[in-house]
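As the structure lists them, so they are numbered: ligands from 1, and atoms in each ligand from 1. Side chains included, hydrogens not; waters and symmetry mates left out as well; all remaining heavy atoms used.
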Amino acid sequence: MFDTSATPGDRQGRALHSALMSRRIGVMGGTFDPIHHGHLVAAEEARWQFDLDRVVFVPTGRPWQKPVGVSPAEDRYRMTVLATASNPAFTVSRLEVDHQGPTYTVDTLRRLRAAQPAGTRLFFITGADAVLQILTWKEPDQVLALAEFIAATRPGFDLDRLIGQVSGAAGRVHRIEIPALAISSSDLRTRVARGAPIQYLVPDEVARYIHDHALYRSPAAPEAAGTQ
Ligand code: ATP
Ligand code: MG
């Protein structure tokens with residue numbers, strides 16, 4: 001798409017802005033089993049509201065919080081690539097998918113930070129429910145030191161109450177309002193298993209991938225199939 005509204009002056013201004021300002025990278029971690037429009041809306045809204053240069057989606061390898069019944073990492077990675085392909089600001093990282101054994105957010109953030117120029121600001125984008133998991137993540141103080149958080153509203157979660165429970169979160173957790181989307185991967189898996197439609201809840205390419213690879217047809221996928 002051509003940006004018809006931007007004048008050469010605007011463009012120059014933006015180039016100068018990005019040269020002088022620190023880079024701002026969004027990190028959207030998730031199981032993405034499967035990725036859906038709730039994830040994509042949260043990432044794009046965070047990119048826009050926080051003027052992020054790009055958003056890196058990081059599908060988990062073997063999420064320690066969800067060890068059972070997670071689909072193969074390669075399927076989740078490919079669906080994430082398909083879902084994000086149309087947005088030039090979105091990229092997908094294999095950092096966790098290629099990692100053997102359980103992965104922790106703190107390690108991922110350390111490795112992402114090490115690969116960026118000094119002064120880069122990392123913003124970890126989560127739904128409201130995931131903020132509370134900061135409390136149970138490995139080294140929560142380190143996680144909060146490595147990245148700021150952008151917590152998106154999600155139906156059914158009281159964000160202020162959740163943030164109030166996280167020590168050290170003050171000033172490091174920003175909240176954004178996103179158009180509420182009551183979509184979850186677990187619900188999508190259940191829908192596929194009972195033959196309900198998922199069109200318009202996930203990008204068409206993702207719906208096609210799920211169909212072509214016969215994902216989620218049985219209520220609980222065997223653990224062995226998926227995790228590394
Ligand atoms: P599951 O139901 O299996 O837990 P999920 O839909 O929560 O899946 P995850 O991969 O667990 O998806 O979530 C990745 C991140 O995206 C989390 O930070 C989660 O809070 C956020 N997220 C998921 N769905 C939404 C949504 N509908 N709106 C806003 N954020 C969301
Ligand atoms: Mg979840």
With nothing but distance in play, are any N or O atoms of [X] less than 3.5 Å from an N or O of ligand 1?
X      : answer
Asp33  : no
Thr126 : no
Ala42  : no
Ser185 : yes

For [X], counting its heavy atoms only, list the atoms of ligand 1 lying under 4.0 Å from any of them.
X      : result
Leu181 : 26 (C), 27 (N)
Gly30  : 10 (O), 14 (C)
Ala130 : 18 (O), 20 (O)
Gly29  : 14 (C), 15 (C)
His36  : 6 (O), 23 (C), 24 (N), 25 (C), 27 (N)

Nearest atoms (heavy-atom pairs only) where Val70 meets Asp33: CA-OD2, 3.7 Å
Heavy-atom closest contact (Val206 atom, Met79 atom, distance): CG2-O, 3.7 Å
Test item, Ile178 contacting ligand 1 (heavy atom, 4.0 angstrom): yes
CG on Leu188 to CD1 on Ile198, rounded to 0.5 Å: 6.0 Å
Between CD on residue Glu139 and CG on residue Leu146, distance to nearest 0.5 Å: 9.0 Å
Asp53 (side chain) donor-acceptor with Ile25 (main chain) under 3.5 angstrom: no
Options Arg189, Glu45, Met28, ranked by nearest heavy atom to atom 3 (O) of ligand 1, top entry: Arg189
From the candidates Gly38, Pro59, Ser186, Gly127, the one that places a heavy atom nearest atom 21 (C) of ligand 1: Gly127
Counterpart residues, side-chain contact (heavy atoms from CB on, under 4.5 Å), relative to Gln199 (two or more places apart): Asp204
Phe50 and His174 aromatic ring geometry - parallel, tilted or perpendicular at 30°/60° bounds: tilted
Check against salt bridge (charged side-chain N to carboxylate O under 4.0 Å, His left out), Arg47 and Glu44: CA-CA 5 Å; Arg47 184 199 66 73; Glu44 178 60 9; 2.8 Å; yes
